[in-house]
2 protein chains.
Amino acid sequence: MVTTLKPQLGANPERARSHNKQLVLRAIRHVGTAGRAEIARASGLSTQAVSNIISDLLNEGFLVEQGFRSAGRGLPVQQYAIKPDGGYAFGVEVRPTAVFTALVDLVGTPLLTHRTPLEDAQKDTILDTVWAQLDDALSKSQVSKGSLMGAGIVMPGPFGDTGLTGADSELPGWSTGDPAESFANRLGLSVFVENDANAAAMAERMNGVARGLDDFAYLYFGQGLGLGLVQNGQAVQGAFGNAGEIGHITVIVEGRPVELESATSRLSVQAYLARQGVTVTNMDDLTSLYFSANRHLLAWLDQAAQALSSALSIIENLFDPQTVILGGAMPDDLLDHIIARTALPERSVSNRPDRTHPRLMRGTSGRMTATLGAAALVLHQAFTPTIAEAR
Amino acid sequence: MVTTLKPQLGANPERARSHNKQLVLRAIRHVGTAGRAEIARASGLSTQAVSNIISDLLNEGFLVEQGFRSAGRGLPVQQYAIKPDGGYAFGVEVRPTAVFTALVDLVGTPLLTHRTPLEDAQKDTILDTVWAQLDDALSKSQVSKGSLMGAGIVMPGPFGDTGLTGADSELPGWSTGDPAESFANRLGLSVFVENDANAAAMAERMNGVARGLDDFAYLYFGQGLGLGLVQNGQAVQGAFGNAGEIGHITVIVEGRPVELESATSRLSVQAYLARQGVTVTNMDDLTSLYFSANRHLLAWLDQAAQALSSALSIIENLFDPQTVILGGAMPDDLLDHIIARTALPERSVSNRPDRTHPRLMRGTSGRMTATLGAAALVLHQAFTPTIAEAR
DNA sequence: AGCGTTAACTCAACTTTCTTGAGTGTTCAA
DNA sequence: TTGAACACTCAAGAAAGTTGAGTTAACGCT
């Protein structure tokens, strides 16, 4: 049995500089705007080193000066902030019937988003579509390809041939070869591939309710139900990239064991309502039903909350997160309703009196959540020090 | 809401060297014995840099030369290996009724182990006992305190005031203040605190069946049942150090939901057998019962295997590990029996045809597993590069 | 209003560590 | 026998960080 040692970077001056640059960017990003001495204290570097690095970053266009701020005694502090147009990231979400794309700037603001229906879900069709959308987005937004820092791709898992293969969310033609490599070659960009839940989680950490959190979980309502896990600031991918397949575990609803995904997911609510003779085709339908207090929908929400309570117990006790976020392709109002109705398990390590965050909170919702999350993967990478990088 | 940025080290020449030293040690440890060019390739450093670092490490007594080996063309390669007496680690496991201690050398070989009964479980009693045992171990083994690299402490969780507080495994007096700090001050050593399952997992990774694995899970049979998670080579602790409390989740046994820990743990088997009028006080009793094919024990094993199958489904789907290891304070034969009887869930991301490791395997068992694991925490730290350290 | 204290920042010299390229010695294979 | 392959060392050079002295600006006490 051969195990290979994960290549880990030895430090040399050049890599140290790159590492420190990202450390500085990360420190500035965390507080929005900062002065040099402040950054030096946060990073354990000398002010001189930080000065040199900042001068580099200014030249490279990643930072802007934000004027002086006098805080107490001493010289007024020149403030620096991330320059929004210092770089861009392309986010892609691949679905069997459509491709969603988004172009976001360095601080995470989307410049444009797009949905492209797919004729078929063949690998080449998808690659061509994404390429065309990238081209289109760049020309429409007047962004040069050189300032694109990479592309994040969200694809339905699980990856490879597993016991869950055969699920309906699958795409043909991707089981062989590394999807990241295919996209990287086709697009000529660095590519990061993740599942929808992890991407949404990273987006939430970059710009949403999980800002500054290093350990949290994200329950993503997609076609099924996915779990995004952030441990120590990094998305947990598992050994083969399939971590977070929470939809297939068994939970107890009304005393009976059911598959979690069959109780809480977009397919689940559609199927449930269909059995009651109610047809919904999109999220707006759901919202209308909700505001008309449709009793079938309310019943579904109740059983979903029950299932979620079981899932919450498992997530909390296994990962001890700072919080669990609920989000994804489900209307805000429904998410809020579910959150209000979900019983917070008493027998949980998360049931502590000194909490600073709610145990369950709502994240970004809507159809583009995962797509913007895909772009966030690129930004996250740009702000993460590289020496001894986690992965 | 204030979130503090985790202090992360900026790279400077000194830290770079320390980082690279640990990288070199880690590379050598991984293959047992290695030459300089080989290490250079593995680390991305120049051979010159590796030469310099190795010369340092030789002087500091961490490495020994292992003679030349000619492998194909070129100069015969001077081989280097970790010097066992280059450093030592002290492992401590704290239980309400006893303290277990072990002194191990740099390659993980235990020099001596000891069990000290506790008069009471007061904090000071424990600190004094550990201190006395450390002193005793050092003098008996003729190891100088200077070559002690630190102490690993295993304590029963959960830490802090949580929804699981009130469980019987608890120690009084530790809820206030950082246990690691208390031990560090009392012992005058670097201290690493972990739960039993994570410690056992790290031991397995250093010297056991998980050698070279970076993503795996460890189910630890202790008083209760704990889950150790290794993600990307690091133990997952969760936001508040309480990750892995798997014992309190609900699983299905014979169609009925039960708390996992009540179906599989040392307390569980004792209670089960007691209900049948069979008394067991230690692991040898269990082994005898097993070899006399006691039908009550066999029945318990069967329901434990059922519970474990549910747990396995959850662990695999949430975490996608390379393997799941079963170990702890339970006899080998019983663990093997359980493993043989545990149904491997079909609907699992781990159910893949291209596996290199079994889905479920037995790890180190016995009463000292966690104690040696505690010592392994120190060794792990010594072989882990420090810049941008995960935690 | 004056002046010492505090703090941020720059400049220049110095230090550490890594890399590069030339050179040496050993082994294998044509 | 000779040349290619490989491991390693030596010496020079480059990159990046640190240190300490000096400058500037604001605060706050007298």
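By convention in this document, chain letters (A, B, ...) are assigned in the order of the sequence lines, proteins followed by strands, and residues within each chain are numbered from 1.
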Map A:Ser18 and B:Thr47 onto DNA chain D by nearest heavy atom, then report which one ends up closer to the 5' terminus. B:Thr47
Please classify the nucleic acid contact of [X] as base, sugar-phosphate, or nothing, using heavy-atom distances under 4.0 Å.
X	answer
A:Ile53	sugar-phosphate
B:Ser46	base
A:Ala16	nothing
A:Asn20	sugar-phosphate

Whole-Å distance between [N] [atom2] and [X] [atom1]?
X	N	atom1	atom2	answer
B:Lys21	C:dC18	NZ	P	10 Å
B:Phe68	C:dG25	CZ	P	14 Å
A:Arg17	C:dT17	CZ	P	19 Å

A:Asn12 side chain near C:dT19 phosphate (N/O to OP1/OP2, under 4.0 Å): yes
Hey, does the side chain of B:Arg69 come within less than 4.0 Å of D:dA7's phosphate (OP1/OP2), counting only N and O?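 So the side-chain polar atoms of B:Arg69 never come under 4.0 Å of the phosphate oxygens OP1 or OP2 of D:dA7.
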Looking only at N and O atoms, is any donor in the side chain of A:Gln78 or the base of C:dC9 less than 3.5 Å from an acceptor on the other one? no
[X] side chain, from C-beta outward: closest of [options]:
X	options	value
A:Arg73	D:dA26, D:dT18, C:dC9	D:dA26
B:Leu75	D:dA16, C:dG4, D:dC8	D:dC8
B:Arg41	D:dA16, D:dA7, D:dC27	D:dA7

Can you name the closest pair of heavy atoms from B:Val191 and B:Ile153 and give their distance? CG1-CG1, 3.7 Å
